[in-house]
Amino acid sequence: MPAKSKAQQKAAGAALSAKRGETKKSELKGASRDMAKSMTEDELEELASTKRKGKPEHVSDK
């Protein structure tokens, strides 16, 4: 599942970094904290590796 926005891709990257022990989990906020708890490293890798070019900054829930 590729990321739908730049913000989602960035949050996945932060969560992946925490999962790997490169950053502290206590430094995560918002969506990245939720992603780190609920997703596997493989799922986060897939989201984080999505190219940002052409993606909107944010996508509404509607």
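Position 1 is the first residue of the sequence, and the numbers go up from there.
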Which pair of non-hydrogen atoms, one from [X] and one from [Y], has the smallest distance, and what is that distance?
X	Y	value
L47	P2	CD2-C, 3.8 Å
A36	L28	CB-CD1, 3.7 Å
T23	A14	OG1-O, 4.2 Å
M35	A11	SD-C, 3.8 Å
A12	A48	CB-N, 3.9 Å

>> A side-chain contact here means heavy atoms from C-beta on lying under 4.5 Å apart; do K19 and L44 qualify?
In response: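 Side-chain contact under 4.5 Å: yes.
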> Hey, are the side chains of T50 and Q8 touching, using non-hydrogen atoms and a 4.5 Å cut-off?
Replying inline: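 Result no, sub-4.5 Å side-chain heavy-atom pair not found.
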[atom1] of [X] to [atom2] of [Y]: how many Å apart, nearest 0.5 Å?
X	Y	atom1	atom2	answer
K6	K51	NZ	NZ	14.0 Å
M39	S32	CE	OG	12.0 Å
T40	E46	OG1	CD	9.0 Å

>> Under the criterion side-chain contact (heavy atoms from CB on, under 4.5 Å), I'd like the reasoning laid out for E57 against K10: C-alpha separation, chi angles, the key distance, then a yes or no.
In response: CA-CA 10 Å; E57 187 62 39; K10 290 176 191 178; 3.5 Å; yes
> Does any N or O in the side chain of K4 come within less than 3.5 Å of the main-chain N or O of V59, such that one atom is a donor and the other an acceptor?
Replying inline: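 Pair absent, no side-chain N/O of K4 close to backbone of V59.
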>> side-chain contact (heavy atoms from CB on, under 4.5 Å) for E45 and R20? Distances and angles first, verdict last.
In response: CA-CA 11 Å; E45 175 73 38; R20 291 179 174 169; 2.4 Å; yes
